[in-house]
2 protein chains.
Amino acid sequence: MTCPGSKIAALGRFVSAADVAERAGVSRSTVSRAFTPGAQVSKSARHRILAAAEELGYRVNRLARTLHQERSDLVGVVGGNFANPYISAQLDALSSALHARGLQCLLMNTARTGGDVSEDLARLLDYRVRTVVLLSGATPDELIRLCAQNGARMVLINRPHPPEGTLADLILCDSARGGRLAAERLAQAGCRKVAVVVSGSRTSAKTARADAFCAEMDRRGIPVTRWADGANSYQTGAEAARALLARPGPHLGPHIEHDGIFGVTDEIALGVLNTARFELGLSVPGDVSVIGFDDAPISGWASHGLTTIRQSLEELTRATMEAIKRPAGAPTTRFDVPVHLVERHTVG
Amino acid sequence: MTCPGSKIAALGRFVSAADVAERAGVSRSTVSRAFTPGAQVSKSARHRILAAAEELGYRVNRLARTLHQERSDLVGVVGGNFANPYISAQLDALSSALHARGLQCLLMNTARTGGDVSEDLARLLDYRVRTVVLLSGATPDELIRLCAQNGARMVLINRPHPPEGTLADLILCDSARGGRLAAERLAQAGCRKVAVVVSGSRTSAKTARADAFCAEMDRRGIPVTRWADGANSYQTGAEAARALLARPGPHLGPHIEHDGIFGVTDEIALGVLNTARFELGLSVPGDVSVIGFDDAPISGWASHGLTTIRQSLEELTRATMEAIKRPAGAPTTRFDVPVHLVERHTVG
DNA sequence: TTGTATGCGTTATCAC
DNA sequence: GTGATAACGCATACAA
């Protein structure tokens with residue numbers, strides 16, 4: 001539109017509909033109409049307006065538009081560890097799907113050092129998000145209350161059940177089945193003394209995976225050690241491995257040895273796996289079997305070949321989008337994401 | 001504040017300052033003052049207002065507030081592959097730093113299938129973002145123009161130089177030095193025929209890494225094959241490895257063999273590494289040396305031990321925040337992030 | 001078809 | 001210290 005080499009008139013501020021109106025010689029209302037689908041504008045006016053907008057670089061201010069609408073286009077997405085291999089894949093898929101629906105992704109990282117998590121989450125409401133999606137972390141009662149009072153919906157992914165009456169859609173992978181599958185697989189491999197590694201936080205579905213695992217092992221009479229400490233991280237898996245796989249030796253204390261370990265997330269399991277193999281010099285699955293939960297992309301890499309319980313990212317994302325797309329007043333739903341065993345090379 | 005068990009009055013819409021004013025028996029103006037730092041309000045009024053706000057679950061509408069302010073608190077963060085191990089770590093650090101400064105992160109994923117990237121990026125301006133940060137992907141002229149016309153700043157991270165006069169702060173890791181370091185290291189390892197693997201997109205600083213690598217190899221008289229195809233992904237590295245490391249055999253064509261490969265990102269290099277080791281049965285660094293660029297967290301895992309060129313994530317994030325914090329009209333800056341060789345176990 | 005007037009939720013300016 | 005009033009940028013009912 002602009003001639004090559006022509007100077008761009010920069011206002012130093014955002015261009016408004018009034019600027020466009022002036023340039024196109026129409027009223028502000030007509031400009032508004034030109035950008036409102038289905039509104040009545042003459043062809044010639046629309047043409048002039050669009051040309052003026054193009055020249056000026058005008059874009060409708062959706063923040064101001066939100067003042068008139070029932071709901072904004074903003075979806076708050078909350079997580080505490082976007083570098084986690086599964087969470088990052090989830091975020092990648094979710095943000096992409098949101099844009100395809102014309103929604104925007106307002107990211108909230110709850111892991112910042114020294115911050116007040118509850119206040120950070122509440123801040124999402126300052127931006128009038130239509131929905132808050134929790135990928136990880138706790139669900140403060142404060143947030144539940146605020147969302148309810150302001151008519152914002154919540155989508156809880158693999159989070160514990162909120163109090164009765166909360167306006168939250170639930171997306172849950174079948175933790176019970178997943179934990180059981182992991183236990184069955186280790187039992188089938190002939191493990192005699194196993195362990196489960198779960199992060200210290202008790203506010204998550206990860207506990208349910210561990211519980212189901214322990215229950216199934218109990219049923220089979222196989223002793224289980226439960227390691228619950230630290231964050232949901234590679235490092236936690238590494239530390240657990242050092243403690244759980246200590247080999248007997250002259251300088252060591254009591255002989256603690258496990259022949260099967262279930263990490264409740266792939267990141268934890270990968271920490272266990274690599275520490276066992278490369279730091280402790282153990283053979284996996286020869287000396288010890290390792291199984292994870294998630295099926296993060298890197299778990300399938302040949303460098304890991306981690307046997308794991310898969311929760312389908314596609315299903316998870318689809319269910320999340322379905323929940324987000326629900327009308328403002330719709331009743332809450334619950335969606336169960338199926339899980340299944342992905343057989344690779346870390347269980348004997 | 002509310003009695004336990006008491007019902008929460010839900011309006012089905014966002015609570016406004018008018019609601020609070022009514023409940024507290026003051027005017028809207030006074031409510032506004034109560035939430036404006038340094039404004040003049042009596043102790044008793046403030047007390048009543050905060051109590052009413054707390055009960056109702058009121059939060060200041062920052063979207064409406066933005067209408068009055070020069071700039072919004074929204075920072076647009078653009079990326080095309082948030083599952084990439086380095087990008088995701090970068091996003092994790094950046095989003096955390098933004099929140100610590102009271103800024104919000106509006107995420108834009110440019111990788112969605114079938115979408116118009118340029119339109120998606122332009123959409124960021126609909127939300128009056130104060131700054132657009134480009135983590136990856138191209139920098140459409142359209143976006144540059146729109147930002148200039150609307151007074152929004154840009155921060156380009158490892159992107160090619162924009163046209164003269166663009167209001168963009170540049171954050172650049174020293175690609176030339178990095179590429180040279182990689183070449184020197186492979187030469188030092190005694191490599192005789194090397195290759196560089198770079199993604200197909202030509203709109204990025206990744207090309208500069210490859211160029212510098214090639215130049216240094218040329219200077220040393222070591223032949224270089226340049227593989228430039230596909231995305232910045234693990235898969236690209238895997239495919240390149242298959243082609244570049246084909247071993248001579250009865251059914252194969254000409255003998256193409258390289259003894260050193262530089263992947264311009266760690267994700268690519270890891271694809272090369274794993275394919276060489278686990279699919280082609282080669283010894284790394286015995287048969288072939290592999291070196292990457294980024295130093296993503298997983299590159300340091302014992303399962304990889306990738307020798308790589310590190311661009312400090314801390315420095316990168318700090319520089320990015322410095323750029324974001326600049327005043328609206330400040331002149332643009334350029335920050336160079338130092339790189340250095342991280343010696344691990346994939347180069348002989 | 002177009003322009004005027006009003007309202008959305010906030011802040012800033014002005015009287016009181 | 002407080003309340004009325006006018007912006008901010010937009011959408012829309014209403015008038016022309």
Side-chain angles (χ1 to χ4, degrees), chain A residues 11-49 52-53 56-74 123 125-130 150-152, chain B residues 11-50 52-53 56-74 125-130 150-152:
Chain A
L11 285 67
R13 58 167 175 82
F14 274 88
V15 181
S16 76
D19 298 322
V20 178
E22 191 186 9
R23 198 154 185 14
V26 295
S27 71
R28 274 157 248 148
S29 327
T30 309
V31 173
S32 179
R33 276 187 274 264
F35 288 96
T36 304
Q40 308 285 340
V41 208
S42 68
K43 266 190 87 159
S44 79
R46 155 167 281 129
H47 184 74
R48 266 181 302 147
I49 291 169
L56 296 174
Y58 169 73
R59 291 242 118 207
V60 175
N61 183 341
R62 294 179 99 99
L63 267 34
R65 179 181 267 181
T66 297
L67 296 186
H68 282 268
Q69 288 172 337
E70 197 198 341
R71 296 201 284 177
S72 77
D73 297 329
L74 263 34
R123 180 145 305 197
L125 294 173
D126 296 2
Y127 297 88
R128 297 316 190 237
V129 293
R130 54 147 60 196
N150 288 287
Chain B
L11 285 68
R13 59 168 174 81
F14 275 89
V15 181
S16 75
D19 298 322
V20 178
E22 191 187 10
R23 199 158 185 8
V26 296
S27 70
R28 272 159 281 182
S29 318
T30 309
V31 173
S32 178
R33 276 188 275 265
F35 288 96
T36 303
Q40 307 286 339
V41 207
S42 70
K43 264 190 87 160
S44 79
R46 155 168 280 128
H47 184 74
R48 267 180 302 145
I49 291 169
L50 292 184
L56 295 174
Y58 169 73
R59 292 243 118 206
V60 174
N61 184 340
R62 295 180 99 101
L63 267 33
R65 174 182 273 180
T66 297
L67 295 186
H68 281 268
Q69 288 174 338
E70 198 198 339
R71 296 201 284 177
S72 78
D73 297 330
L74 263 32
L125 295 173
D126 296 1
Y127 296 88
R128 296 313 188 242
V129 294
R130 53 147 59 197
N150 287 286

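We name chains A, B, ... by the order of the sequence lines, and we start the count at 1 in each one.
Distance CD1 (A/Ile49) to C1' (D/dA11): 14 Å, rounded to an integer number of Å. Distance B/Phe14 CZ to C/dT10 P: 11 Å, rounded to the nearest Å. Distance CG (A/Leu63) to P (C/dT11): 14 Å, rounded to an integer number of Å. The separation between B/Leu125 atom CG and D/dG9 atom P is 15 Å, rounded to whole Å. Whole-Å rounding puts the B/Tyr127 OH to D/dC10 P distance at 14 Å. Residue B/Arg128 contributes atom CZ, which lies 10 Å from atom C1' of D/dC10 at whole-angstrom precision. One interatomic measurement links the two molecules: CZ of A/Arg62 to C1' of C/dC8, which rounds to 17 Å at whole-angstrom precision. Look at CZ on A/Arg65: it is 4 Å from P on D/dA11, rounded to the nearest Å.
Other residues, nucleotides and ligands contribute only 12 or fewer heavy atoms inside 6.0 Å of the CD atom of B/Glu70. In B/Arg71, the CZ atom is crowded: over 12 heavy atoms of neighbouring residues, nucleotides or ligands sit closer than 6.0 Å.
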Show each protein N/O and nucleotides 1-3 of chain C N/O combination with a separation under 3.5 Å, one pair to a line.
residue : atom : partner : partner atom : Å
C/dT1   : O3'  : A/Ser42 : OG           : 3.4
C/dT2   : OP1  : A/Ser42 : OG           : 2.6
C/dT2   : OP2  : A/Ser42 : N            : 2.8
C/dT2   : OP2  : A/Ser42 : OG           : 3.0
C/dG3   : OP2  : A/Ser27 : N            : 3.1
C/dG3   : OP2  : A/Ser27 : OG           : 3.0
C/dG3   : OP2  : A/Thr30 : OG1          : 2.5
C/dG3   : N7   : A/Arg33 : NH2          : 2.6
C/dG3   : O6   : A/Arg33 : NH1          : 3.2

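Atoms CZ and CD, on B/Arg130 and B/Gln69 in that order, are 9.5 Å from each other to the nearest 0.5 Å. From A/Tyr58, atom OH reaches atom CG of B/Asn150 across 10.0 Å, with rounding to the nearest 0.5 Å.
Contact check on B/Asp19 versus B/Arg13 returns a salt bridge, with a Lys/Arg side-chain nitrogen under 4.0 Å from an Asp/Glu carboxylate oxygen.
Residues A/Ser27 and A/Thr30 bring a donor and an acceptor atom of their side chains to less than 3.5 Å of each other.
Within 4.0 Å (heavy atoms only), B/Phe35 reaches no atom of the nucleic acid at all.
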Listing, residues 38-46 of chain A side-chain donor-acceptor contacts under 3.5 Å, not counting sequence neighbours, or none:
residue : atom : partner : partner atom : Å
A/Ser42 : OG   : A/Ala45 : N            : 3.2

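The phosphate of D/dG9 has neither OP1 nor OP2 within less than 4.0 Å of any side-chain N or O from A/Arg13. Taking only side-chain nitrogens and oxygens, B/Tyr58 comes nearer than 4.0 Å to OP1 or OP2 of C/dT10.
Closest to the side chain of A/Ser16, from the set D/dT12, C/dG9, D/dG9, is D/dG9.
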